[in-house]
Amino acid sequence: MPKNLKQEIIYTIMMVCVMVYAMVCYNITIDHGGLENWVFLAAFRELPIMGVAGFVLDTFLAGPIAKKLAFRLFQPEKEKPIFIILAISIFSIWLMCPMMSFVASILFQDGLHRQLLSVWIELTIRNFPMAFFWQLFAAGPLVRTIFGRLFPEKQIQG
């Protein structure tokens with residue numbers, strides 16, 4: 001896990017890219033009735049916009065709140081690290097999914113309009129299961145593994 005601001009920024013960028021790309025692919029697939037090869041390329045066009053939104057929301061809102069909530073439940077000096085990692089991940093999903101779904105509702109679902117609330121709720125409900133399982137079983141382990149190889153514990157402590 002990140003040990004300083006530089007590592008926190010790198011980790012957040014990595015996680016946001018992996019999560020946003022997968023969620024954009026998922027939403028394009030749902031909107032077009034199935035997964036086709038072109039979806040993978042099309043998702044890269046939305047990645048800069050949604051990636052910046054994800055980075056800002058995670059860095060300034062969801063990340064700090066998720067950590068605060070996780071540390072209310074678990075004390076790092078007393079608990080196994082996996083419990084803290086999972087708690088932060090779950091709280092992050094709980095916060096980020098509605099926020100990113102709101103951004104997507106405005107940007108990709110006809111902007112600000114009368115049905116924005118219902119579109120946002122529907123999109124959040126549709127996205128939550130995918131975000132939950134993708135984060136816990138794919139993105140989280142993948143990013144933590146790559147990050148751990150980039151910043152081995154020995155290097156961090158030394």
Side-chain angles (χ1 to χ4, degrees), residues 1-30 35 39-40 43-44 46-108 117-158:
M1 295 304 292
K3 302 292 182 194
N4 57 49
L5 181 60
K6 176 186 169 189
Q7 290 180 9
E8 187 71 39
I9 291 169
I10 292 169
Y11 182 84
T12 302
I13 290 170
M14 291 170 60
M15 187 63 75
V16 164
C17 286
V18 173
M19 283 300 297
V20 167
Y21 181 74
M23 293 306 296
V24 169
C25 286
Y26 174 73
N27 278 286
I28 292 172
T29 298
I30 297 295
L35 181 61
V39 169
F40 298 110
F44 279 113
E46 292 182 23
L47 186 58
I49 297 166
M50 294 302 287
V52 169
F55 180 81
V56 169
L57 290 171
D58 188 62
T59 300
F60 297 107
L61 284 172
I65 294 170
K67 288 174 188 165
K68 185 181 282 189
L69 292 171
F71 292 134
R72 280 188 186 171
L73 293 176
F74 301 105
Q75 298 172 349
E77 59 279 352
K78 295 182 180 180
E79 304 288 345
K80 293 182 180 180
I82 190 65
F83 294 127
I84 296 166
I85 290 167
L86 290 174
I88 293 170
S89 294
I90 290 167
F91 285 126
S92 292
I93 298 161
W94 181 62
L95 295 163
M96 286 294 289
C97 185
M99 290 190 293
M100 291 298 288
S101 294
F102 185 74
V103 171
S105 295
I106 292 171
L107 294 177
F108 305 113
L117 179 63
S118 59
V119 168
W120 171 52
I121 291 170
E122 179 182 352
L123 195 56
T124 300
I125 291 168
R126 179 174 90 182
N127 285 334
F128 193 84
M130 174 63 174
F132 182 83
F133 287 104
W134 181 253
Q135 168 56 237
L136 292 181
F137 296 111
L142 174 67
V143 170
R144 284 191 299 276
T145 298
I146 294 169
F147 184 84
R149 290 192 177 150
L150 290 174
F151 301 98
E153 286 292 321
K154 292 176 189 170
Q155 181 183 5
I156 294 170
Q157 294 172 353

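On a predicted model such as this, the values are computed, not experimentally measured, just so you know.
A heavy-atom distance below 4.5 Å is found between the side chains of Phe40 and Leu35. Looking at heavy atoms from C-beta onward, Met23 lies out of side-chain contact with Met50 at the 4.5 angstrom threshold. By the 4.5 Å heavy-atom criterion applied to side chains, Phe91 and Ile65 are not counted as neighbours. Under the 4.5 Å side-chain criterion, counting only non-hydrogen atoms from C-beta, Thr59 is not in contact with Ile9. At least one side-chain heavy atom of Met14 sits under 4.5 Å from a side-chain heavy atom of Leu150. Taking the side chain as every heavy atom from C-beta outward, Phe55 and Val20 never approach each other to under 4.5 Å.
The line from CG of Leu95 to CG of Leu57 is 10.5 Å long, rounded to the nearest 0.5 Å. Here CZ of Phe128 is found 9.5 Å from CZ of Phe133. Values are rounded to the nearest 0.5 Å. With rounding to the nearest 0.5 Å, the separation of CD1 in Ile10 from CG in Asn4 is 8.0 Å. One distance of note links CD1 of Ile90 with CG of Leu73; it measures 10.0 Å at 0.5 Å rounding. Note that CG of Leu142 and CD1 of Ile146 are 4.0 Å apart. Values are rounded to the nearest 0.5 Å. A distance of 11.5 Å separates CE of Met130 from CD1 of Ile93, quoted to the nearest 0.5 Å.
Screening residues 119-141 for salt bridge (charged side-chain N to carboxylate O under 4.0 Å, His left out), with sequence neighbours left out, gives Asp31-Arg126. Counting only residues at least two apart or on different chains, no side-chain hydrogen bond (donor to acceptor under 3.5 Å, both in side chains) pair has a member in residues 84-96. Applying the salt bridge (charged side-chain N to carboxylate O under 4.0 Å, His left out) rule to pairs touching residues 18-29 yields nothing, sequence neighbours excluded.
By the side chain to side chain donor-acceptor pair (under 3.5 Å) test, Trp120 pairs with Thr124, sequence neighbours left out. The side-chain contact (heavy atoms from CB on, under 4.5 Å) test applied to Ile125 returns Ile121, not counting sequence neighbours. Take Lys67 and apply the side chain to side chain donor-acceptor pair (under 3.5 Å) test, not counting sequence neighbours, and it matches Glu8. Applying the side-chain contact (heavy atoms from CB on, under 4.5 Å) test to Val52 and every residue at least two apart in sequence or in another chain returns Val56. Partners of Ser118 according to the side chain to side chain donor-acceptor pair (under 3.5 Å) rule, which considers only residues two or more places apart in sequence or in another chain, are Gln115. Residues satisfying the salt bridge (Lys or Arg N to Asp or Glu O under 4.0 Å) test with Arg144, not counting sequence neighbours, are none. A search for ring pair (Phe, Tyr, Trp, His ring centres under 6.0 Å) contacts involving Phe83 returns Phe74, not counting sequence neighbours. By the side chain to side chain donor-acceptor pair (under 3.5 Å) test, Gln75 is found to be paired with Lys78, residues two or more places apart in sequence or in another chain being considered.
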Report task. Starting from the C-alpha separation in whole Å, work towards a yes-or-no answer on side-chain contact (heavy atoms from CB on, under 4.5 Å) for Asn27 and Phe108. Result -> CA-CA 10 Å; Asn27 278 286; Phe108 305 113; over 6 Å; no
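Taking each heavy atom of Tyr21 and Leu47 in turn, the nearest pair found is N-CD1, 3.9 Å. The shortest non-hydrogen separation linking Ala139 to Val18 is CB-CG1, 3.5 Å. Contact between Val24 and Glu46 at its shortest, heavy atoms only, is CG1-OE1, 3.4 Å. Of all non-hydrogen atoms in Met1 and Phe147, the two that sit nearest each other are C-CE2, 3.7 Å. Across Ile88 and Ala70, no two heavy atoms sit closer than the pair CG1-CB, 3.5 Å.
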Pairs under 3.5 angstrom only: tabulate donor-acceptor contacts from the side chains of residues 96-105 to other protein residues two or more places apart or in another chain.
| residue | atom | partner | partner atom | Å |
| --- | --- | --- | --- | --- |
| Ser101 | OG | Cys97 | O | 2.8 |
| Ser101 | OG | Asn127 | ND2 | 3.1 |
| Ser105 | OG | Ser101 | O | 2.7 |

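Gln135 contributes no side-chain N or O that, together with a main-chain N or O of Ala131, makes up a donor-acceptor pair within less than 3.5 Å.
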